[in-house]
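First the structure, in the form of structure tokens, and then the observations on it.
Heavy-atom basis, side chains included; hydrogens, waters and symmetry copies ignored. For ligands, and for the atoms within them, numbers begin at 1 and follow the listed sequence.
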Amino acid sequence: MKILGIETSCDETAAAVVEDGRKILTNVVASSVELHQKTGGIIPEVAAREQLKYIIPVIEEAIKKNHQDIEAIAVTAGPGLIGSLLVGVETAKTLAYTWQKPLIPINHLQAHLYANWLKKGDKPKFPAIGLVVSGGHTDLVLMKNHQQIKWLGGTRDDAAGECFDKCSRLLGLGYPGGPAIGQEAIKVKREKIINKMKLPRPMIHDDNFDFSFSGLKTAVLNEVKKQKNPDLPFLAYEIQEAITDVLVAKTKKVAEKYQIKSILLAGGVTANPRLREKMTKALLGYNLFIPQVQLCTDNATFVAACAFFNFHPVSFSKIQADSSLEIEEVIK
Ligand code: KG4
Ligand code: ZN
């Protein structure tokens, strides 16, 4: 079955056609990130207007101007920025009505996990644990099957991606912060890594699956103020180490507690090479899935894949953009 996925939850306007939930036929992503770089972050109103500009050309490119083969449409209903979400949802409703195809509303956070189905080879097996680390969320979940997702823990304040973004801004390294910090960290001189200041690893030893990243941001601010000429590569390196250490430790803790058959990583932060390396080492012996780098950040392939494995069409009048959906809320 060929499903057209549409994703407009934040600053990417994306459409993709995926066959049987696993094979990517097309994947088109337009990003307004350059506009947001000028303001050092996303202004929701600006993002929504860009969505309007790109949505039709992006879909046209994804379906190659031919919708005859498309059997269903899947669209991100939430969470995200409401103005951006509305563009995708209303466009999807119009297309589904015009083409007379089933329409499946999708939870963006659940969808991120499906980037792990989009590769050749074995599929993830249930029960699985999932770590979703994006710009707005840090969630650890237990997936008993496609429909039953249990939330185990998450951040009490900033998300991991948000911490990268805010720290990057403090260091003047630009937006989005994750890739910017990663690039700066590579320049660190190895001898500086030994015996130098260490940033906190918040809640790393706590006996729960929760996170907290706002204190880390404050610690970085204090370091920047303390140092006359901040050592940017070293600070970037330490920020990346602190965030990734906590993510790895908590994921490992969950893996040790539950009887699981797979571990799924997902979300923009999973594109981070250091996180990928550390997770692979720490979770040796587990059936670990990490999406291809270009499928970690927002795109529509995982929206279409999620719809294939959760095929619950909903009538047009009942589908609404919902900016505050939680990861457990599988839309049925
Ligand atoms: O999943 P995503 O594309 O959008 C949301 O759903 O939020 O995630 C975006 C987040 C941003 O905070 C960005 O800084 C972070 O993912 N990110 C990274 C990397 N690439 C994107 N963080 C660390 N390293 C990266 N290479
Ligand atoms: Zn996302």
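The residue from P79, G135, A180 that puts a heavy atom closest to atom 7 (O) of ligand 1 is G135.
Residue contact annotation: G182 has no non-hydrogen atom under 4.0 Å from ligand 1. Under the 4.0 angstrom criterion for non-hydrogen atoms, G177 is in contact with ligand 1.
Around the Zn ion (ligand 2), protein N, O or S atoms at less than 2.8 Å comprise H108 NE2, H112 NE2, D298 OD1.
With ligand atoms numbered from 1 in the order given, ligand 1 contributes 12 (O) to contacts under 4.0 Å with heavy atoms of G161. Atoms of ligand 1 lying under 4.0 Å from any heavy atom of G136, numbered from 1 in the order shown and given with element: 7 (O).
Contacts of T297 with ligand 1, taken as heavy-atom pairs under 4.0 Å, involve both backbone and side chain. Counting heavy atoms under 4.0 Å from ligand 1, residue H112 touches it through the side chain alone. When non-hydrogen atoms are compared, ligand 1 lies under 4.0 Å from the side chain of H108 (C-beta onward) but not from its backbone.
A side-chain donor from one of S9 and E7 sits under 3.5 Å from a side-chain acceptor of the other. Between S324 and D322, the side chains place a donor N or O and an acceptor N or O closer than 3.5 Å (distance only, hydrogens not considered). Side chain to side chain, E12 and N299 fail the donor-acceptor criterion of an N or O pair below 3.5 Å. Judged purely by distance below 3.5 Å, without hydrogens or angles, the side chains of N310 and K332 never pair a donor atom with an acceptor atom.
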Begin with the C-alpha distance, continue with both residues' side-chain angles, and end with the deciding distance and a verdict on side chain to side chain donor-acceptor pair (under 3.5 Å) for Q51 and T13. CA-CA 6 Å; Q51 295 285 1; T13 313; 2.7 Å; yes

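Between F209 and Y258, the ring planes lie tilted relative to each other; the angle falls in the 30° to 60° range. Between F213 and F211, the ring planes are parallel. Angles under 30° get that label, and only those over 60° would be called perpendicular.
Considering only non-hydrogen protein atoms, atom 3 (O) of ligand 1 sits nearest to D298 N, 3.0 Å. For atom 23 (C) of ligand 1, the closest non-hydrogen atom on the protein side is G178 CA, 3.3 Å. Nearest protein neighbour of atom 14 (O) of ligand 1, counting heavy atoms only, is D165 OD1, 2.7 Å.
L131 is not listed as a side-chain neighbour of D139, based on a closest heavy-atom distance of 4.5 Å or more.
By the 3.5 Å distance cut-off applied to N or O atoms, G268 is counted among the residues near ligand 1. On a distance-only criterion, G267 and ligand 1 share no N/O pair closer than 3.5 Å.
For E329 (side chain) and E326 (main-chain N/O), a donor-acceptor pair under 3.5 Å exists by modelled atom type. With hydrogens and angles ignored, the 3.5 Å screen pairs no side-chain donor or acceptor of D157 with any backbone N or O of S212.
Aromatic ring centres of Y114 and H146 lie closer together than 6.0 Å.
Under the 4.5 Å side-chain heavy-atom criterion for Ile, Leu, Val, Met, Phe, Trp and Tyr, L85 and I59 are members of distinct hydrophobic clusters.
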